[in-house]
There are 2 protein chains.
Amino acid sequence: MQSRNQRPSTSGRAHRLSRETIRDAAQQILRDEGPQNLSMRRLAKEMSSTPMALYHHVRDKGELLMLLLDAHAESFPRPDLPEEPRERLLASAQLLHDILADCPWIVEVLTSDSFVSVSALWIVESLIDSAIRCGLTQEDAVYVYRVIWYYTIGELTVRFRRERALSETKGTPQRERTMAALNAEELPRLAHLGSRWGELAAADNHRRGLEAIVEGLLAQGRGRRPEPAAADPTPPPGRARAVDG
Amino acid sequence: MQSRNQRPSTSGRAHRLSRETIRDAAQQILRDEGPQNLSMRRLAKEMSSTPMALYHHVRDKGELLMLLLDAHAESFPRPDLPEEPRERLLASAQLLHDILADCPWIVEVLTSDSFVSVSALWIVESLIDSAIRCGLTQEDAVYVYRVIWYYTIGELTVRFRRERALSETKGTPQRERTMAALNAEELPRLAHLGSRWGELAAADNHRRGLEAIVEGLLAQGRGRRPEPAAADPTPPPGRARAVDG
DNA sequence: ACCTGAACACCGTTCAAGT
DNA sequence: ACCTGAACACCGTTCAAGT
């Protein structure tokens, strides 16, 4: 509590714009008002500046969000991952998920690229590496990553969207629409879905699905490549190499 | 070619608004200009009307998208699903995916509810039912559905977002940003990801992941509830035939 | 180089009238 | 009941200047 009170707000002077100050202000808005309130205009106002000034430092909103994702990934505590390949694979996937679980804007970042920030690439590497050490080919290992990525992104997308929808209509009886049909007469089995959907859906449940996915994919990999190195009998033109670029 | 040319366009008379005509006009815009061009204003213009007129027939844009999703699901050919539980589970999940694969707006619909249209609920029921007949508890069966749903939604989200990003910047050298780092120096393993990401990623690859997920989840279920009722040899997971379509 | 004011081309949604 | 015009409260981004 030394010299940091209220500086980026209405003081209106002495803070030149830079990627760092822009990023900090954006983080503050994210913290205080949520991701749906982070816009270039709102951000400019927060910094007592104009929208265009921002475009002098970041190419567009997508780059700004990337910046935020990167900073978050970098600041995230970097745990020791287990050595045992399967455990390491699981832990990497879980870490990827946990990092993104704090980033509701990941849903929008996917607009620009379908991929995670550079600061988190080591996790992806670790994940793919572990899969290879579990006995998969490189190609299959990448595939494992992809399936995990889809699962992760899907869970987070659904979660964040629902959270946003709930916060927008604070308890208003508008969450019916399709959900109503679920709790309805002739679909008793599905009522289950509607009622507890996402209630305890967070960390534990994610892990459980992760384990199943990894289990299934590793088994698949073992099935396709039953010998350490015989003659690699996979010549059918199915999905060969296609190096291209 | 009888009486259908140009009717909903600039003729400007004789077609009262209704949920049906609104839906049809929306489908046309979707077909001709893509989902990013479907807005209430654009739609009103297409119908030579005003935005507010639409709000007399649909509550908001979310409901309109739901309408579209529902119509699509209803018109989708309803195949015979296999009887054998595991195959039926897989086929249900694949069908869910295939239906949604034609609906780029699913990504936006998730804003409103995290769930699929009523016209497709029978698929969800079939899926959960199959999982139960595979020996899972109802709770675990619902969990299977959920994991599959996340995987499906994740894949489609990533796919549609990427497609949109590519079509917006038609070949412009803007797809770098994070992707650039992938093909870069010190990450040779990840170059794999960048280059072929999503190229053949469509149907076949989805099915493969689905099989792995189901395999893993069923094994998990068996582990927790070790009484298999002695009537389920589960033929080796050699991914059968892949009837495709 | 860094920033501003004004504009462009949009959004979803609501209000207050019109018929 | 059904529809309109105008407005509210926003977007991301660009243009043409300013210093």
Side-chain angles (χ1 to χ4, degrees), chain A residues 8 11-22 25-26 29-30 33-68 105 107-112 161 164-165 167-170 172 174 177, chain B residues 8 11-22 25-26 29-30 33-68 105 107-112 161 164-165 167-170 172 174 177:
Chain A
S11 66
R13 289 261 284 82
H15 64 303
R16 297 193 131 355
L17 298 189
S18 72
R19 287 170 79 88
E20 286 71 37
T21 56
I22 288 173
I29 293 175
L30 247 16
E33 302 168 50
Q36 71 273 44
N37 283 75
L38 178 61
S39 71
M40 298 303 267
R41 299 173 107 103
R42 174 74 190 78
L43 183 52
K45 199 161 279 174
E46 181 74 20
M47 306 190 81
S48 325
S49 183
T50 65
M52 248 321 276
L54 303 176
Y55 285 90
H56 236 269
H57 298 91
V58 297
R59 189 199 328 237
D60 53 23
K61 199 188 178 185
E63 196 185 73
L64 172 63
L65 294 176
M66 232 33 167
L67 216 61
L68 291 167
W105 65 92
V107 176
E108 274 176 79
V109 171
L110 280 177
T111 311
S112 329
R161 297 277 194 200
R164 176 179 302 207
S167 81
E168 264 166 15
T169 70
K170 274 222 189 79
T172 319
Q174 197 245 37
R177 231 152 16 222
Chain B
S11 68
R13 286 260 289 76
H15 64 303
R16 295 193 130 0
L17 298 189
S18 73
R19 288 169 79 87
E20 287 70 36
T21 57
I22 289 174
I29 293 176
L30 246 17
E33 302 168 50
Q36 71 273 42
N37 283 75
L38 179 63
S39 71
M40 298 304 267
R41 299 172 107 103
R42 174 73 190 80
L43 183 53
K45 197 161 283 173
E46 182 74 21
M47 306 191 81
S48 325
S49 182
T50 64
M52 247 323 275
L54 303 176
Y55 285 92
H56 237 266
H57 298 91
V58 297
R59 189 201 326 239
D60 54 22
K61 198 189 178 186
E63 196 186 71
L64 171 63
L65 293 176
M66 230 36 166
L67 217 60
L68 290 167
W105 64 92
V107 175
E108 276 176 77
V109 170
L110 280 176
T111 312
S112 330
R161 297 278 197 200
R164 177 180 300 208
S167 81
E168 264 166 15
T169 70
K170 272 223 190 78
T172 319
Q174 198 244 39
R177 224 139 39 213

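Just so it is clear, the model here is predicted, and its values are computed rather than measured. In the text below, chain A, chain B and the rest are named by the order of the sequence lines, each starting its count at 1.
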* Donor-acceptor under 3.5 Å (A:His57 side chain, A:Ile22 main chain) -> no
* Asked: Does B:Leu38 offer a backbone N or O that forms a donor-acceptor pair with the side chain of B:Lys61 under 3.5 Å?
  -> yes
* **Under 4.0 Å protein heavy-atom contact, by nucleotide of nucleotides 9-14 of chain C - B base, S sugar-phosphate only** => --BBBB
Taking only side-chain nitrogens and oxygens of [X], does any of them come within less than 4.0 Å of OP1 or OP2 of [N]?
X	N	result
B:His56	D:dT4	no
B:His57	D:dA1	no
A:Ser49	C:dC3	no

* Is the closest basic N to carboxylate O distance between B:Glu108 and A:Arg161 below 4.0 Å? -> no
* Take the protein atom CE of B:Met47 and the nucleotide atom P of D:dC2, then report the distance between them rounded to whole Å. => 14 Å
* Could you write out DNA chain D as a dot-bracket string, with dots for unpaired bases, | for bases paired across to another strand, and Watson-Crick or G-U pairs counted at under 3.5 Å? -> ||.|||||...|||||.||
* Structure fact -> A:Arg41 meets the salt bridge (Lys or Arg N to Asp or Glu O under 4.0 Å) criterion, sequence neighbours left out, with none
* Asked: A:Glu20: what forms a salt bridge (Lys or Arg N to Asp or Glu O under 4.0 Å) with it, not counting sequence neighbours?
  -> none
* Asked: C:dA9 and D:dC10: how far apart are their P atoms, nearest whole angstrom?
  -> 23 Å
* Asked: B:Leu17 and B:Ala53: which non-hydrogen atoms are nearest, and at how many Å?
  -> CD1-CB, 3.4 Å
* Which heavy-atom pair separates B:Val58 from B:Glu63 by the least distance, and what is that distance? -> CA-OE1, 3.2 Å
* Among all residues two or more places apart in sequence or in another chain, which pass the side-chain hydrogen bond (donor to acceptor under 3.5 Å, both in side chains) test with B:Glu33? -> B:Arg42
